[in-house]
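The chains referred to below are lettered A, B, ... by the order of the sequence lines, with proteins before strands, and numbering in each begins at 1.
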There are 2 protein chains.
Amino acid sequence: MNKDNQTDQIILEAARRVFQRSGYGGARMQEIANEAGINKASLHYYYRSKEKLFQTVYRQDIKVFLVPLVGILRDPFLTLEVRMRTFVGSYIKTLLKNPGLPLFIMQELSSNPGRLISLVEDHVPGVRSRSADEEESPMLAVFIGQIRNGMDDGSCNKVDPEQFILSMISMCVFPFVGRPLIRLLLKKGEQEYRDFLARREEEINEYLHRILFRNHQPIDGPRY
Amino acid sequence: MNKDNQTDQIILEAARRVFQRSGYGGARMQEIANEAGINKASLHYYYRSKEKLFQTVYRQDIKVFLVPLVGILRDPFLTLEVRMRTFVGSYIKTLLKNPGLPLFIMQELSSNPGRLISLVEDHVPGVRSRSADEEESPMLAVFIGQIRNGMDDGSCNKVDPEQFILSMISMCVFPFVGRPLIRLLLKKGEQEYRDFLARREEEINEYLHRILFRNHQPIDGPRY
DNA sequence: GTCTATACGGTGATAGAC
DNA sequence: GTCTATCACCGTATAGAC
């Protein structure tokens, strides 16, 4: 093993795996130590407490999970079509690389909102302002505006923009959150399900296109 | 307080709330006792161990979560359109009544698949047979068959049936799993988000219709 | 059936040698 | 920086009075 690999990084990755597997309450410092191949006391040397270690991991994970999402949703230079395709593609790829991420984030956020909400807000600019001088989240303003414009000029079908965006996110994320249950339902093995997810990107793009641009010709011909 | 209310039922409901809030690892027997308004020792009198209590709760929750889903997916007498609308309507309603259910189920199933998979299989007939004499889950066979028929006779657009069904489930369930994050993203208060979810049923129905029946006229006129 | 008291094991955290 | 040994506490579970 390369000793040049910083020990604190090794610990962090081990902790990430254990926390994602078992959650904060279920994780054991001993298990993290084993996974990192070091002693339990060293954990406390690098990260003073379990809570501190957890927050370090969670902060990074939130960043990985939210930054691509937020960036693409807000980007002022993307057209509506490109924004949607970019979002779906980039998100599925991120999640294929970190399959356990979304469930972990939702789990902890849900069981302890007060403790973690500020960590989320650090990566979601604009949500903090409760001043209500804007009716909608500024993060979605551009996206929603494009959909509204499209509906006005007839290039888009009628949708509730927020419901539409939520549907897009749902189709991308839920297959990872519900993985064990869906695998059971579809009777798919581990590798088989991975392939299924990899094919999902273009399928979602097609669905979104039909919802929003039904009156136009499909971009691709039939594929089945 | 009415003493006729069976104590074991009161305990069960208290345990359900605490387990859903904190997960198995995070739940404390003391907290459950407080929530039930009784002594900690009485928990062990009615349910010998934490594990036993948890399994009782989890078995019921899985049933509530899966039985409507499975029933509608398998029902041999529903047309394709009615099956979809029934599924979405019944599912959103179930989840509005039990908002914490899906995250709880996925969480525990994911952190300890081996321990709970058999509880799921009890309520999902057919998944157990690994004999592979059918290529697909028998539970989805009818549904998938209807979609295939529709594609063959031209009444349906081309979709991957499994991807389509997964998308339907995703749009229904994810808004509940990701509740805290979505609320932040959309800047919605608790009641506001409930209203948003209540309106979601017809929106999803419209989306599914556009995906699968795009060439037909929409059932309703524009609503926005 | 419900309580108080307690046994028992495990867990986070620290002290101190090396 | 990394280890062994140990502490203080907490959580599950049980014993036993009423």
Side-chain angles (χ1 to χ4, degrees), chain A residues 1-61 104 107-108 111-112 114-116 119, chain B residues 1-61 104 107-108 111-112 114-116 119:
Chain A
M1 293 303 177
N2 188 354
K3 190 71 177 196
D4 290 342
N5 286 340
Q6 298 296 337
T7 306
D8 56 352
Q9 289 304 315
I10 296 177
I11 292 175
L12 217 56
E13 290 313 309
R16 194 184 316 280
R17 286 192 296 275
V18 175
F19 279 133
Q20 282 195 15
R21 192 189 310 137
S22 312
Y24 180 81
R28 298 286 164 252
M29 293 296 268
Q30 182 61 58
E31 196 183 352
I32 296 175
N34 294 344
E35 190 106 1
I38 59 162
N39 191 276
K40 189 172 54 161
S42 292
L43 295 185
H44 290 88
Y45 176 79
Y46 283 94
Y47 303 88
R48 197 140 54 78
S49 66
K50 182 183 181 182
E51 177 68 24
K52 187 85 169 52
L53 178 55
F54 174 79
Q55 295 231 3
T56 307
V57 168
Y58 196 76
R59 188 187 306 270
Q60 288 184 352
D61 279 355
F104 173 59
Q107 191 182 121
E108 300 300 330
S111 56
N112 212 330
R115 178 170 128 236
L116 302 171
L119 297 184
Chain B
M1 294 302 181
N2 188 355
K3 189 70 177 200
D4 290 341
N5 285 343
Q6 297 297 336
T7 306
D8 54 353
Q9 290 304 315
I10 296 177
I11 292 176
L12 217 55
E13 291 312 310
R16 194 184 316 282
R17 287 191 295 274
V18 175
F19 279 133
Q20 282 195 16
R21 192 189 311 139
S22 311
Y24 180 81
R28 297 287 163 253
M29 293 296 268
Q30 183 61 58
E31 196 183 352
I32 296 175
N34 294 343
E35 189 107 3
I38 59 162
N39 192 277
K40 190 172 53 163
S42 292
L43 295 184
H44 290 87
Y45 175 81
Y46 284 94
Y47 303 89
R48 198 139 57 77
S49 66
K50 183 184 181 182
E51 177 68 25
K52 184 87 168 53
L53 178 55
F54 174 79
Q55 294 232 3
T56 307
V57 167
Y58 196 76
R59 188 186 307 269
Q60 288 184 351
D61 279 355
F104 174 58
Q107 190 182 122
E108 299 299 329
S111 57
N112 212 331
R115 179 170 127 235
L116 301 171
L119 297 184

Expressed as a whole number of angstroms, how long is the span from A/R48:CZ to C/dT14:P? 7 Å
Are B/Y47 and B/F54 near enough that their ring centres are under 6.0 Å apart? no
If you assign each of A/Y45 and A/K40 to its closest nucleotide in DNA chain D, which residue comes earlier from the 5' end? A/Y45
Nearest to the side chain of B/A41, which nucleotide is it out of D/dG11, D/dT14, D/dC3? D/dT14
Could you check how far CD1 of B/I32 sits from P of D/dG11, rounded to whole Å? 12 Å
Any B/S49 side-chain nitrogen or oxygen under 4.0 Å from OP1 or OP2 of D/dT12: no
Counting any heavy atom closer than 4.0 Å, what does A/A33 reach on the DNA or RNA strands: base, sugar-phosphate only, or nothing? nothing
Show, in sequence, the C-alpha distance, side-chain angles and deciding distance for B/I10 and B/I38, and conclude whether the side chain to side chain contact (heavy atoms under 4.5 Å, CB included) test is met. CA-CA 10 Å; B/I10 296 177; B/I38 59 162; over 6 Å; no
Let's see if you can work this out: which of D/dT2, C/dG1, C/dA13 has an atom nearest to the side-chain heavy atoms of A/K50? C/dA13
Closest approach to the side chain of A/R28, judged atom by atom: which nucleotide of C/dC3, C/dG12, D/dT12 is it? C/dG12
Rounded to the Å, how far apart are A/N39 CG and D/dT4 P? 6 Å
Length of the CD1-C1' vector between B/I11 and C/dG1, whole Å: 11 Å
Interatomic distance where CZ belongs to B/F19 and C1' belongs to D/dT12 [whole Å]: 12 Å
Interatomic distance where OH belongs to A/Y47 and P belongs to C/dT14 [whole Å]: 17 Å
Using the side chain to side chain donor-acceptor pair (under 3.5 Å) rule, pick out the option among A/R115, A/E108, A/E51 that qualifies with A/Y24. A/E51
Report the distance from atom CG of B/L43 to atom P of D/dT12, rounded to the nearest whole Å. 10 Å
Taking OP1 and OP2 of D/dA13, is either one under 4.0 Å from a side-chain nitrogen or oxygen of B/H44? yes
Roughly how many Å is it from CD1 in A/I38 to P in D/dT4, rounded to a whole number? 12 Å
Name the orientation class of the two ring planes belonging to B/F19 and B/F104 (parallel below 30°, tilted from 30 to 60°, perpendicular beyond 60°). parallel
Below 4.0 Å: OP1/OP2 of D/dT2 and any side-chain N or O of A/T7: yes
Tell me yes or no: between the side chains of B/Q9 and B/E13, is some donor less than 3.5 Å from an acceptor? no
Please determine if a side-chain N or O atom of B/Y46 lies less than 4.0 Å away from the OP1 or OP2 oxygen of C/dT2. yes
